[in-house]
Amino acid sequence: MRIVVIGGTGLIGSKVVKRLGEDGHEAVPASPNTGVDTLTGEGLDEALAGADVVVDVSNSPSFEDAAVLDFFRTSTGNLLAAEKKAGVGHHVALSVVGTEDRPDIGYFRAKLAQEKLIEESGIPFSLVHATQFFEFAPRIADAATDGDTVRMPSVLFQPIAGEEVAEAVSKAAVEAPTNGRVEIAGPERFRMDGFFRTALAAWGDRREVVTDPNAPYYGGVMREPDLVPSDGAAHGTVTYTDWLAANPPK
């Protein structure tokens, strides 16, 4: 199949392109780096010509509430319109576990708006909801840092390796559309504060992790089930310890 991967030069997208190519598909990376801009529509028609499937793993450059909402509404609207013109038969999008439960959080609200556009487009679709990626743990810690202190809630946390997210997205792309959601999470559950104490120690980072039930995440205070999947989710097999051994801190 010819599969166009929007955001195909990024963390997850590049892994999806590589995996699909190894499986014998024509996987085409599409991003501003390759001359395709979903915000302006530049290069979309050319990139989607002859595509069987479009995979969207793009992300907003800004997580500010208004900016991220505008990104997903504009980008997804342009992309779906181009897909209809090209006769694309399957749209796959990567989203986040818990979005439907926390519309009060700006980023989650933006992802919900994206999903609504997809669901109402008339194009067969599959949505892959993933938990947080191991690769983003340093960024999450930095965002929670105040001086030499990292403030984290003690809610459940079930992160996953980016490679296993890419595997789930690639699998969805080559199978029949589900017209619904599937969830993927890592193999281990932690308390968020405990995970980051262990992670910072492994990184050789001397910041202190302080448990704070009111510490914000994506602009909201997280509740117990917000960051873990529901029953029936698929689970990866790569533990954080194994992932860290293969991807040591730089």
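No hydrogens, no waters, no symmetry mates; every other heavy atom, side chains included, goes into these values. In what follows, residues are counted from 1 in the order of the sequence shown.
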Minimum-distance pair of heavy atoms, taken over all atoms of S126 and H90: OG-NE2, 2.8 Å
Would you please say whether a donor-acceptor pair under 3.5 Å links the side chains of S95 and Q114? no
Kindly say whether I123 contributes a backbone atom to a donor-acceptor pair with the side chain of E83 at under 3.5 angstrom? no
Does the pair F157 and F196 meet the rule for a ring pair (Phe, Tyr, Trp, His ring centres under 6.0 Å), with working shown? CA-CA 10 Å; F157 188 59; F196 280 96; 5.7 Å; yes
Pairwise distance OG1(T241) to CD(E188) - rounded to 0.5 angstrom: 6.0 Å
Would you please test R197 and D205 for salt bridge (charged side-chain N to carboxylate O under 4.0 Å, His left out) and show each step? CA-CA 10 Å; R197 284 192 186 94; D205 191 319; over 6 Å; no
Keeping S14 on the side-chain end and T9 on the backbone end, is there a donor-acceptor pair under 3.5 Å? no
Any chance you could lay out the ring pair (Phe, Tyr, Trp, His ring centres under 6.0 Å) test for F190 and Y240, step after step, and finish with the verdict? CA-CA 11 Å; F190 307 89; Y240 186 63; 7.4 Å; no
Rounded distance (nearest 0.5 Å) linking atom CD of E120 with atom CG of L80: 11.0 Å
Once you round to the nearest 0.5 Å, how far does CD1 of I140 lie from CE of M192? 5.5 Å
Audit row: D212, M152, side chain to side chain contact (heavy atoms under 4.5 Å, CB included) steps and yes/no: CA-CA 5 Å; D212 181 351; M152 287 287 171; over 6 Å; no
Nearest 0.5 Å please: distance from the OG1 atom of T178 over to the CZ atom of F125. 6.5 Å
Begin with the C-alpha distance, continue with both residues' side-chain angles, and end with the deciding distance and a verdict on side chain to side chain contact (heavy atoms under 4.5 Å, CB included) for V96 and F108. CA-CA 8 Å; V96 186; F108 287 14; 4.0 Å; yes
Residues in side chain to side chain contact (heavy atoms under 4.5 Å, CB included) contact with E135, at least two apart in sequence or another chain: L11, K15, F133, W243
So how far is it from T237 OG1 to I160 CD1, rounded to the nearest 0.5 Å? 9.0 Å
Taking the basic N atoms (NZ, or NE/NH1/NH2) and the acidic carboxylate oxygens, is any pair closer than 4.0 Å for K18 and E22? yes
Would you check, one step at a time, whether the test side chain to side chain contact (heavy atoms under 4.5 Å, CB included) holds for I3 with V28? CA-CA 6 Å; I3 303 173; V28 181; over 6 Å; no
For the atom pair CD1 (I6) and CG (L94), what is the distance rounded to the nearest 0.5 Å? 13.5 Å
Any donor-acceptor pair under 3.5 Å linking the side chain of Q158 with the backbone of V228? no
Would E115 and H129 count as having a side-chain donor-acceptor pair, cut-off 3.5 Å? yes
State whether the number of non-hydrogen atoms from other residues, nucleotides or ligands found under 6.0 Å of D104 atom CG is greater than 12. yes
Could you check D242 against T239 for side-chain hydrogen bond (donor to acceptor under 3.5 Å, both in side chains), going step by step and ending with a plain yes or no? CA-CA 5 Å; D242 289 343; T239 67; 3.3 Å; yes
Polar side-chain atom of N78 near backbone of S75 as donor-acceptor pair, under 3.5 Å: no
Does a side-chain N-to-carboxylate-O contact under 4.0 Å join D45 and K85? yes
For L69 and R109 the tightest heavy-atom approach is CD1-O, 4.4 Å
Restricting to non-hydrogen atoms, name the atom on A27 and the atom on V17 that form the minimum distance, rounded to 0.1 Å. CB-O, 3.6 Å
Tell me if the CZ atom of R73 is crowded by more than 12 foreign heavy atoms within 6.0 Å. no
Closer than 3.5 angstrom, by distance alone: can the side chain of E164 be matched with the main-chain N or O of V238 as a donor-acceptor pair? yes
Within the side chain of R2, is there an N or O that forms a donor-acceptor pair under 3.5 Å with the backbone of A49? yes
Closest heavy-atom contact between I184 and G236? CD1-N, 4.1 Å
Do you know the tightest heavy-atom contact between L39 and T74? O-CG2, 3.6 Å
Judged by modelled atom types alone, do H91 and S121 share a side-chain donor-acceptor pair under 3.5 Å? no
Please tell me whether Y218 and D226 have a donor and an acceptor in their side chains that are separated by less than 3.5 angstrom. no
Residues in side chain to side chain contact (heavy atoms under 4.5 Å, CB included) contact with S154, at least two apart in sequence or another chain: R191, D193, T211
Applying side chain to side chain contact (heavy atoms under 4.5 Å, CB included), run through Y107 and Y217 and close with a yes or a no. CA-CA 10 Å; Y107 186 82; Y217 178 75; over 6 Å; no
Single-linkage hydrophobic cluster, 4.5 Å side-chain cutoff, V209 and L227 together: yes
Is there a donor-acceptor contact under 3.5 Å linking the side chains of T149 and D146? no
Look at the side chain of S62 and the backbone N and O of V68, then say whether any donor-acceptor pair between them is shorter than 3.5 Å. no
Considering all heavy atoms of both residues, which atom of V57 and which atom of G13 are nearest to each other, and what is their separation? CG2-CA, 3.6 Å
Any donor-acceptor pair under 3.5 Å from D56 side chain to A93 backbone: no
